[in-house]
Amino acid sequence: MSTAGAPGALDAPEVAGQAPPAGRDPRPAGRRRPRRQSLRSRLHRDWPLLAMTAPAAALLLVFHYLPTLGNVIAFQDYNPFVGDDPLEAFLYSEWIGFGNFEALFSDPLFWDAVRNTLTITAFQLVFFFPLPIMLAILLNSVVSGRVRGFVQSVVYLPHFFSWVLVVTFFVQMLGGAGLLAQEMREAGLQPWNVMTNPDTFIVLVTAEAVWKDLGWGAIVFLAALAAIDQNLYEAAAADGAGRWRRLWHITLPGLRPVIVLLLIMRLGDALSVGFEQFILQREAVGRDAAEVLDTFVYYQAIATQQWGLGAAAGLFKAVVGLILIVAANKVAHRLGEQGVYSRS
């Protein structure tokens with residue numbers, strides 16, 4: 001008896017070597033590609049999100065992407081006074097190829113600034129980068145909501161102070177006429193030379209950065225801690241795991257993706273340790289200790305109107321940062337983390 005017209009004929013198992021019935025997708029359900037929506041339907045669906053991100057995208061375009069075109073002056077003997085507008089200055093300035101880079105790389109002051117910048121970055125990675133993680137873990141372990149809120153408010157507040165105010169505060173506390181020096185003199189002791197000592201300047205700027213940005217840096221880690229499933233802690237406690245074992249096996253693995261991501265971004269910004277903080281204290285400790293790449297560009301390029309040299313230094317920073325980000329991201333992939341961007 002033929003079953004061609006039976007209702008369940010299409011549900012019968014396929015025979016090897018035979019084509020599937022018409023209208024049936026031969027691929028397994030898990031491999032079928034979802035139907036791609038048109039651009040118009042996607043815009044209609046996502047227009048609220050696009051509207052919210054439009055101001056941020058406009059800021060990036062105006063203040064980041066468009067100024068990137070100015071890197072062309074790194075290959076010119078740029079003169080802003082040639083022509084009647086900036087476009088004519090670009091067009092009429094003399095092209096010198098890699099002349100600015102040759103002058104930059106042959107300048108020993110440039111390499112001194114690079115060495116100081118990398119030394120400060122490495123020092124702060126070791127002694128500053130872990131502190132927001134520790135603070136976030138401590139705040140997350142505080143049971144009282146009032147105590148936690150008070151501590152958070154206190155440690156967040158210095159982030160909103162300008163560097164002028166931060167340096168002034170340290171001068172009033174640790175300077176030659178500051179509170180610490182006065183107390184030491186009254187005790188018959190010789191005051192410490194803190195604010196003008198080039199040998200301890202790296203410790204001073206790190207302490208200033210810790211006081212200013214420690215609480216602000218802990219916000220991301222507090223958010224990551226809030227995303228960890230609390231059932232994991234309860235299950236570990238039921239199995240007899242103590243506080244330190246729960247920290248090592250639950251808390252730190254939960255924070256690891258965020259730690260890797262921020263570490264990669266910090267490495268990409270390794271040649272930018274700040275400008276205001278160092279230019280405010282450069283005269284007190286001397287150029288040899290406080291000259292970083294940003295202050296070098298200001299004194300050797302902008303102040304002397306060697307615009308092409310400054311653009312070459314900025315382009316060098318960008319290229320080195322890009323290389324560090326790509327390299328660190330590949331290491332993160334080897335360690336099983338997503339990093340800044342995932343592999344295709």
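Keep in mind that this is a model prediction, so the values were computed, not measured. Quick note: numbers below take in every heavy atom, side chains included, and nothing from hydrogens, waters or symmetry partners.
For A301 against L309, the heavy-atom pair with the smallest separation is CB-C, 4.3 Å. Nearest heavy-atom pair, A313 versus V297, reported as atom, atom and distance to 0.1 Å: CB-CG2, 3.6 Å. The minimum heavy-atom distance between L252 and I137, with the atom names listed, is CD2-CD1, 4.2 Å. When all heavy atoms of V273 and T121 are compared, the closest pair comes out as CG1-OG1, 3.2 Å. Taking both residues in full, the closest heavy atoms of V194 and L204 are given as O-CD2, 4.1 Å, listed atom of the first, atom of the second, then distance. Shown here for A290 and R282, the closest heavy-atom pair between the two residues is CB-CA, 3.7 Å.
Within 6.0 Å of CZ in R185 there are more than 12 heavy atoms belonging to other residues, nucleotides or ligands. Heavy-atom contacts from other residues, nucleotides or ligands closer than 6.0 Å to CH2 of W111 number more than 12. Within 6.0 Å of CZ on F275 lie more than 12 heavy atoms contributed by other residues, nucleotides or ligands. With a 6.0 Å radius and a threshold of 12 heavy atoms from other residues, nucleotides or ligands, M184 has its CE atom above the threshold. Other residues, nucleotides and ligands contribute only 12 or fewer heavy atoms inside 6.0 Å of the CZ atom of F150. In R245, the CZ atom is not crowded: 12 or fewer heavy atoms of neighbouring residues, nucleotides or ligands sit closer than 6.0 Å.
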Would you list the atom pairs, donor with acceptor, under 3.5 Å between side chains in residues 72-84 and any protein atom, with sequence neighbours excluded?
unit_1	atom_1	unit_2	atom_2	d
Q76	NE2	F90	O	2.7
N79	OD1	F81	N	3.1

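Residue pairs meeting the ring-ring contact (aromatic ring centres under 6.0 Å, His included) criterion with at least one member in residues 121-141, sequence neighbours excluded: F123-F127.
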> Given W192 and L174, is the side chain to side chain contact (heavy atoms under 4.5 Å, CB included) satisfied, shown in steps?
Replying inline: CA-CA 8 Å; W192 293 339; L174 304 177; over 6 Å; no
> Can you list the steps and then say if L247 with W244 is a side chain to side chain contact (heavy atoms under 4.5 Å, CB included)?
Replying inline: CA-CA 5 Å; L247 173 66; W244 292 106; 3.6 Å; yes
>> With side chain to side chain contact (heavy atoms under 4.5 Å, CB included) as the criterion, how do R266 and L262 come out once you've worked through the C-alpha distance, each side chain's angles and the decisive distance to 0.1 Å?
In response: CA-CA 6 Å; R266 183 66 189 94; L262 294 181; over 6 Å; no
>> Under the criterion side chain to side chain contact (heavy atoms under 4.5 Å, CB included), I'd like the reasoning laid out for I228 against L225: C-alpha separation, chi angles, the key distance, then a yes or no.
In response: CA-CA 5 Å; I228 299 177; L225 287 171; 4.0 Å; yes
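At a threshold of 4.5 Å between non-hydrogen side-chain atoms, the residues L214 and V155 do not count as touching. Side-chain atoms of E291 and D112, non-hydrogen and from C-beta on, never get closer than 4.5 Å to each other. F201 places a side-chain heavy atom less than 4.5 Å from the side chain of V205. Contact annotation: the side chain of V167 never approaches that of E276 to less than 4.5 Å [non-hydrogen atoms, C-beta and beyond]. Side-chain contact between L315 and F101 is present, with at least one heavy-atom pair separated by less than 4.5 Å. By the 4.5 Å heavy-atom criterion applied to side chains, W163 and V166 are counted as neighbours. Taking the side chain as every heavy atom from C-beta outward, F221 and L135 never approach each other to under 4.5 Å. Within the 4.5 Å cutoff, no side-chain heavy atoms of R40 are placed close to those of H44.
With values rounded to the nearest 0.5 angstrom, H159 atom NE2 is found 7.5 Å from I219 atom CD1. Rounding to the nearest 0.5 angstrom, the gap separating the CD1 atom in I264 from the CD1 atom in I325 is 8.5 Å. With values rounded to the nearest 0.5 angstrom, I302 atom CD1 is found 11.5 Å from F296 atom CZ. The distance from the OG1 atom of T200 to the CE atom of M195 is 9.5 Å, given to the nearest 0.5 Å. Atoms CD and CG, on Q152 and L222 in that order, are 5.5 Å from each other to the nearest 0.5 Å. Taking CZ of R148 as the reference point, atom OG of S141 lies at 8.0 Å (rounded to 0.5 Å).
Put simply, the side chain of Q182 gets close to the backbone of A177: a donor and an acceptor are under 3.5 Å apart. Using modelled atom types, one side-chain atom of D107 and one backbone atom of L109 make a donor-acceptor pair closer than 3.5 Å. Under a 3.5 Å cut-off, the side chain of S41 and the backbone N or O of S38 do form a donor-acceptor pair. Using a distance-only test at 3.5 Å, with no hydrogens or angles considered, no donor-acceptor pair links the side chain of R246 to the main chain of H249.
Hydrophobic clustering (side-chain heavy atoms under 4.5 Å, transitive across Ile, Leu, Val, Met, Phe, Trp, Tyr) keeps F63 apart from L66. Transitive grouping of hydrophobic side chains (ILVMFWY, heavy atoms separated by less than 4.5 Å) keeps L157 and L138 in distinct clusters. Follow the hydrophobic side-chain contacts under 4.5 Å out from F160 and you reach V210 in the same cluster. In the hydrophobic clustering of ILVMFWY residues, with side-chain heavy atoms under 4.5 Å counting as a link, V331 and L255 come out apart. Following chains of ILVMFWY side-chain contacts shorter than 4.5 Å, one can reach L189 starting from L179, so the two form part of one hydrophobic cluster.
Listed by chain and number, the hydrophobic cluster partners of L43 are L39, L50, where partners are ILVMFWY side chains within reach of under 4.5 Å, directly or through others.
Relative orientation of the W211 and F161 rings is tilted, given thresholds of 30° and 60° on the angle between their planes.
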